[in-house]
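Working notes, beginning with the structure itself.
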Amino acid sequence: MEPHMPLSVLRCIDCGHTHDLNDPVYVCAQCGGLLDVEHDLERLRPLISRELFDDRLRHLEPPFNSGVWRYKELVFPAAPDEMIVTRGEGNTNLYRAPKGLAAWVGAERLQLKHEGENPTGSFKDRGMTGGMTHARMVGANSALCASTGNTSASMSSYAALAGIQALVFFPEGNIAMGKLAQSVAYGAVNVQVQGDFDACLDLVRQACRTFGIYLLNSVNPFRLEGQKTIVLELIQQRRWRAPDWIVLPGGNLGNTSAFGKALHEMQQLGLLDRIPRIAVIQAEGSAPFYQSYREGFAARHSVKAHTIATAIKIGNPASFYKAKRTLEWTKGIVESVSDQEIVDAKAMVDASGIGCEPASAASVAGVKKLIAAGVIQPQEEVVALLTGHMLKDPGVIIDYHQETLQGFNSPYANRLRTIKPTLDSVESLLRSARVTAG
Ligand code: F0G
């Protein structure tokens with residue numbers, strides 16, 4: 001290979017056409033297919049090793065103190081360090097599921113990778129550091145995304161750091177309060193669009209093309225390069241031993257796509273002992289990928305999405321074909337869970353002391369369902385992804401525990417109580433709550 005050849009190119013996953021990394025395209029200019037950032041793994045191979053990534057764990061300064069840039073060679077090898085927009089994202093905990101939660105799920109060896117522990121409270125920061133770095137490299141002045149709330153929170157924060165103007169399109173009335181508060185506070189221009197997420201994303205694509213604004217949804221392949229590091233990091237945390245299963249919620253299917261690419265590249269580079277199977281969990285009312293999977297992908301479905309888990313209320317996932325490729329690479333499967341299963345799983349994850357937002361709990365509900373169905377064995381090693389922080393959506397928590405969540409039961413409710421300011425009231429409270437003294 002010539003030394004002046006680029007380390008990475010953009011390649012269409014359908015027709016193979018390549019584009020320069022700096023071309024302002026988000027889909028293939030020839031056929032409209034999705035683009036991968038394709039790294040020259042043969043040239044990178046001599047640089048990459050488990051030891052390199054382990055050695056970087058001692059770094060205290062940017063960029064290598066980040067749980068994304070630790071793996072720079074597999075994320076964005078050509079990015080100049082001074083251009084990197086980072087908040088030291090990643091480095092999230094991989095918890096062993098507390099006993100009560102594991103027993104409820106029926107899993108003996110369940111771990112939880114908590115991406116809600118990122119700087120803005122969701123996994124989106126891992127992708128945003130990659131995408132915003134590229135935006136800065138190409139000299140973008142403004143960036144736009146459609147969002148159910150987490151992408152926008154993340155983009156607004158990273159745009160502020162980079163000195164780039166953030167513009168955000170939300171589906172009107174369908175965003176959790178914690179998330180909306182973030183992008184308002186970080187200074188984005190926040191716009192409610194009278195339509196659902198899918199309509200917002202369509203509009204973003206057209207607006208970016210027409211007005212030359214930098215697009216930061218996950219069809220931007222630099223985002224997915226950052227999101228790959230969730231898998232790299234969780235396997236490194238397991239001392240490079242892959243689990244049997246990685247289970248994650250699926251909405252727009254960016255993460256699903258990123259996970260497959262990460263595992264595929266890790267295998268090619270000898271970083272993996274075996275390939276874990278991916279299980280994608282969708283909410284029943286927002287499950288077009290599940291429908292297609294069930295029919296052997298005879299057709300690509302899209303639906304009018306419904307679910308209480310607003311983060312994954314998506315009817316026409318943009319990364320559909322990349323996610324399908326992930327299933328092929330990992331012997332992956334797709335399952336769906338009801339909203340009741342989601343809120344109950346969330347209540348259990350929360351009460352275990354770990355906590356997550358509703359969409360995240362879809363992964364735990366999915367593990368429970370797949371174990372009950374005999375697809376996952378109870379003794380298999382499972383890593384379930386928690387994608388967002390508990391405080392993103394306080395409304396669902398309060399309603400569930402007050403038993404005011406319309407159309408739902410609250411079997412694990414923890415009611416707020418009110419008493420008169422007397423010792424007698426405290427005494428009867430202690431008796432009824434079974435709180436013992438001492
Ligand atoms: N979990 C959370 C907390 C999310 O915010 C999202 C997506 C997903 C799961 C689904 O991930 O799209 O990669 O399949 N949120 C996007 C947003 C759509 O706008 O914040 P996916």
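Every number for a ligand or one of its atoms is a count from 1 in the order of the listing. All figures in this text were calculated on a predicted structure; none of them were measured in a lab. No hydrogens, no waters, no symmetry mates; every other heavy atom, side chains included, goes into these values.
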* What pairs of residues pass the ring-ring contact (aromatic ring centres under 6.0 Å, His included) test when at least one of them lies in residues 244-277, not counting sequence neighbours? ->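 Listed by first then second residue: His264-Trp329.
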
* To do: Not counting sequence neighbours, list each pair that qualifies as a ring-ring contact (aromatic ring centres under 6.0 Å, His included) and has a residue in residues 330-374.
  =>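 Qualifying pairs: none.
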
* Spell out, as yes or no, whether a donor-acceptor pair under 3.5 Å connects the side chain of Ser156 to the backbone of Ser152. =>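 Present.
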
* Output yes when a side-chain donor or acceptor of Arg11 lies under 3.5 Å from a complementary backbone atom of Gly16, and no otherwise. =>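 Yes; judged by distance alone, with no hydrogens or angles, the pair exists.
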
* Protein residues that have a heavy atom under 4.0 Å from any atom of ligand 1, sorted by chain and number ->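 These residues qualify: Phe123, Lys124, Ser147, Thr148, Gly149, Asn150, Thr151, Gly250, Gly251, Asn252, Leu253, Gly254, Asn255, Ala311, Ile312, Ile314, Glu357, Ala359, Thr387.
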
* Using salt bridge (charged side-chain N to carboxylate O under 4.0 Å, His left out) as the criterion, list what pairs up with Arg274, not counting sequence neighbours. =>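 Result, salt bridge (charged side-chain N to carboxylate O under 4.0 Å, His left out) vs Arg274: Asp244, Glu381.
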
* **Residue Arg96 excluded, over 12 heavy atoms near CZ under 6.0 Å** =>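 Not more than 12 within 6.0 Å, no.
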
